[in-house]
Structures are given as C-alpha cells and as structure tokens.
Amino acid sequence: MNKKSLFRMPNYPAWFGADTFLLAGSAVHWIVISVMAYELSGSVTVAGWFATARGVVSAVTQITGGTFIDRHDHRRLILVQAGVCALLWFTMGMLFVTGNLTFVLFATLCLCSSSIFGFLGGTTNAALIRVVGPKRYAEAESINQGRDAAVNTAGSPLGAALFGVSHAFPFFASALFDALAFVSALFLRLPNDEAQQRSQNKEASFMIDMVDGWKWVLSSRTIVQAVLIIGIAQFGIFAVHQAVNLNLVEKGVDPLLISLANVGTALGIMVGSLVSAKLCNSVPVGKGVVVTLTLMSAAYIPMAICSEYPFVVLSTLLASLPMPLFSALVNGFVFSKTPVAKQGRTRAAIMTSIMLIGSLSGAFAGELLPRVGFSGFVVTMMVLALIGAVFAALNPRIRSIPASPQWDEVDL
C-alpha cells in the first residue's frame, strides 16, 4: 500500500518550511562572511582565525545546546532561533548601509549567530521525529539530504550575486529567510508527547541532564559503532573534497570550474536523495551500509586513474550518489530508536564527535597530498572507505540491523 506524502501529514509542511528557511538564511551569507572579515580587518590571518573561532563557538555551544533543547519546548526554541537570527542579520545590514559596521561589531554579531546556531540549531532535527514518527524518519532524512544540497548549491551563488550589488544585501536576504522561518514555525503544532513533557518538567539539574545524555549515548555500543562508521565515511569525503580543490587550484583550473565540480557533488546528492526516499524503508541497514560504502570507494576509481578535470567531476558525482541512502539508513535507525526526551542530547553528542573527526581531514589532506600525490591520496581514501565497509560487514551488531519495518524488533 502506498503511503501518503509526508507533505500531506499534519505539521510536516510547517516544519519543512521552518527548517528550509533557516538553512537558506545560513547558506545565502555563508560565502561572503570570510570576504567581509578580510575587508574589515585587512588581514588574511585575522580572517582565517575568525573562521576558526566561529567553528569552535558552534561546536562548544552545541555540547550544552542538546541538553537545553531536550528541556524546553521545541516550537518555542525554533521561534527564538529564527527571530533572533533575523534581528542579527538585519542589524548587520543596517550597520553597513549607515557606514557604522566595524570589524568588532561584525565579529560580535557573527559570533552571536554562531553561538545560536550551535546552541539551538539542532532543535528542528530534534522535533522531526515528533512530526513524522519513527517509521518514516529515514524517508524524511532522505528528503532533507536532497533539500540541503539544493539550498546550499543555490544559496552560495545567490549570496555572491547579492554581494556584488551591495555588501548589505546578503545579510538582508538572511534576515528575510529567517523571518520566513519564524512565520512557518508559527503554524507548527507539535504533539504533546509525554516523554518530551517529562523531560521539560523534571527537576534534575542541567548538568545532571547533560551527563545523563552523554552516558546514555556512550552506553549504546550500536551508537558508538555507528559514529565510528559515519566518522570514517565523513573523514574520507571531506578529505577527498579538500584534496580535489587543492589539486585543481594547483593545476590552475578556473575557479568557476572548481565551483562547478562542487555543483556536481550537490547534483549527485539530490539524485541520490530521490533514490534513497524510495529505498530507505526496504533496504536492511546493515547490508545497505556495506553496499553504500563499497560504492563510494569504487566511485573514486576514475580520478585515481586520471586526475584530469572531467574524471574528477565524474568521480565526485558518482561518490555523492550513495551518500543520502547511507545517511538515511544510519541516522534513521539511530534517531528513530532514540527516546524523544533524548533527541537533542543524542544528536549533540553524535554531531560533536563527527565534527571533531571531520575537522582533522583538512590537515590530513594538506600533509599527505604533497607526499603521495593526488592519485596516491585518492587510493588511500578508497582503502579507508573499504575499511569502513569491512568493519560494518564483520560487526554482527551493525550487519544484523534490519530494514525499518523491523526496527521495533531490535534494540539500540
């Protein structure tokens, strides 16, 4: 029997609108932040450290943010995040228009935005399972993968085009998107889930709650092993992207062509998300993880053989096709099995761990690429992806995870 579209479910359109507009608000100014930091400070070093500071602030605030999200009403937090961000970016635009935007004010507003993103950014994801339920979580995750790729792909060129007209326009656009997210969230009516209500009303201290969440995550061998597998995949993907960009820059490839290579990756994710939405509910998680990691490894073969631009584009596009299914299967199983009252803390713990692993990929690519060459580096990443596949295939706990209709029969 065909299931009705997620968009016909109560509250999903409002949730999707709020989440999408928040993402668009970030995407449209993302590409211009570094440029503005350089123009206002006059230093490449300062601009580089500023980018690092924003990442650190987001990561640190995310650690405590997950607990805060679990203890408070999700709809109210989405409204706060959207409203405050809209105000921040509108203020940024007005300061530039009036000629009062200094680097200190710019950095302060950006770091405030980063802290809000880290602290409350997981709210929409934590609320998703309350909107679609555990049975359709993997399908919703697949749709999100394609949506994210489309918005990020369109957001950067839009931000750059607006920036060319006026440096203030990307920030006004971000304010508009965040305001639309606020309006969408006004129509969101989340179920009065008893577990979520108990989490919000219980008398335990914030620190006890946070420690309890991390202990729960670390006590689940399945989650720990899933994080390891996701970390291996993410590390390899990020490292290959870094190496591809460095290799193309070194060859003197036009920046526009480099950006088109990234668009190819986004296109692969969008196509892959459509396939994932059809397959995610019928493919066993364990076997799906093995197959998708193997396919990602095989996709690197063209650019391992030849590092010319067409082969690089082909490989990155092919490697991105299985990514949505991989994410939908792993994230779908983990978060559909996570209690509603622990969604925020579980996501914060997992994402922080993965971010720490992924943050090493740039340094790894920069150090290894000059030593082994581009082809050698790609082969190394192929082996790493295969190690992830072998680990999943030989691990009984991961290998035996069934398709979503049987998830009720297995423990996390």
Side-chain angles (χ1 to χ4, degrees), residues 15 18-30 33 50-92 105-130 144 148 171 174-175 177-182 184-185 188 190 196 199-202 204-217 331 335 338 340-356 358-359:
W15 178 92
D19 193 51
T20 301
F21 285 128
L22 283 172
L23 178 64
S26 297
V28 78
H29 70 251
W30 178 81
I33 290 293
F50 175 66
T52 299
R54 293 182 67 221
V56 170
V57 167
S58 292
V60 170
T61 52
Q62 182 174 249
I63 295 173
T64 55
T67 305
F68 188 85
I69 290 169
D70 283 341
R71 291 170 64 97
H72 295 83
D73 179 69
H74 291 159
R75 176 179 178 271
R76 187 177 296 120
L77 294 185
I78 296 172
L79 288 170
V80 170
Q81 180 189 1
V84 173
C85 286
L87 181 61
L88 283 175
W89 297 122
F90 181 78
T91 301
M92 181 91 79
L105 286 173
F106 172 79
T108 300
L109 291 172
C110 285
L111 291 177
C112 285
S113 172
S114 297
S115 64
I116 293 169
F117 177 80
F119 196 66
L120 297 179
T123 308
T124 51
N125 289 320
L128 178 58
I129 194 167
R130 300 173 65 195
N144 290 348
D148 292 355
F171 304 114
S174 290
F177 283 128
D178 287 331
L180 291 172
F182 183 92
S184 295
L188 185 60
L190 294 174
Q196 175 69 12
S199 176
Q200 292 166 8
N201 295 335
K202 65 186 182 181
S205 71
F206 185 92
M207 187 57 65
I208 291 175
D209 261 1
M210 186 170 72
V211 172
D212 175 65
W214 278 84
K215 285 175 62 177
W216 186 83
V217 170
N331 291 336
F335 290 110
T338 298
V340 172
K342 287 185 169 65
Q343 285 284 322
R345 284 167 287 177
T346 302
R347 186 171 293 274
I350 291 175
M351 293 309 297
T352 300
S353 302
I354 292 173
M355 285 173 63
L356 290 175
S359 65

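These numbers come from a predicted model, not from an experiment.
Under the rule for a side-chain hydrogen bond (donor to acceptor under 3.5 Å, both in side chains), the partners of T20 that lie at least two apart in sequence or sit in another chain are R147. Partners of N144 by side-chain hydrogen bond (donor to acceptor under 3.5 Å, both in side chains), not counting sequence neighbours: none found. Residues forming a side-chain hydrogen bond (donor to acceptor under 3.5 Å, both in side chains) with S113 (at least two apart in sequence, or on another chain): none. When the side chain to side chain contact (heavy atoms under 4.5 Å, CB included) test is applied to L87, the partners found at least two apart in sequence or on another chain are T91. Listed by chain and residue number, nothing satisfies the ring pair (Phe, Tyr, Trp, His ring centres under 6.0 Å) test with F177 (two or more places apart in sequence, or in another chain). When the ring pair (Phe, Tyr, Trp, His ring centres under 6.0 Å) test is applied to W15, the partners found at least two apart in sequence or on another chain are Y12.
Summarising the geometry, atom SG belonging to C110 is positioned 9.0 Å from atom CG belonging to L88; distances are rounded to the nearest 0.5 Å. In this structure, CH2 on W214 lies 9.5 Å from OG1 on T67, to the nearest 0.5 angstrom. Between C112 atom SG and M92 atom CE the span is 9.5 Å, to the nearest 0.5 Å. Distance check, rounded to the nearest 0.5 Å: NE2 of H72 to CG of L120 gives 10.0 Å. Going from atom CZ of R130 over to atom CD of Q343 covers 10.0 Å, rounded to the nearest 0.5 Å. Considering CD of Q81 and OG1 of T124, their distance stands at 6.5 Å, rounded to 0.5 Å.
Annotation for W216 and T346: closest pair CZ3-OG1, 3.5 Å, computed over non-hydrogen atoms. Considering all non-hydrogen atoms of both residues, A185 and L79 come closest at CB-CD2, 3.6 Å. When all heavy atoms are compared, the tightest approach of A18 to S184 is N-CB, 3.5 Å. Closest non-hydrogen pair, D178 versus G25, comes out as OD1-CA, 4.1 Å. Minimum heavy-atom separation, L190 to A127: CD1-CB, 4.1 Å. Residues I69 and G122 share a closest heavy-atom pair of CD1-C, 3.7 Å.
Other residues, nucleotides and ligands place more than 12 heavy atoms under 6.0 Å from the CZ atom of F106.
Here the side chain of T123 pairs no donor or acceptor atom with the backbone of L77 at under 3.5 angstrom.
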Derivation and outcome, side chain to side chain contact (heavy atoms under 4.5 Å, CB included), residues K342 and D212 = CA-CA 9 Å; K342 287 185 169 65; D212 175 65; 3.6 Å; yes

Carefully, step by step, assess I63 and M210 under the rule side chain to side chain contact (heavy atoms under 4.5 Å, CB included).
-> CA-CA 9 Å; I63 295 173; M210 186 170 72; 4.3 Å; yes

L128 and F335: side chain to side chain contact (heavy atoms under 4.5 Å, CB included), yes or no, with the steps?
-> CA-CA 10 Å; L128 178 58; F335 290 110; over 6 Å; no

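Judged purely by distance below 3.5 Å, without hydrogens or angles, the side chains of S174 and H29 pair a donor atom with an acceptor atom.
A parallel orientation is assigned to the rings of W89 and F171, their planes being inclined by less than 30° (bins at 30° and 60°).
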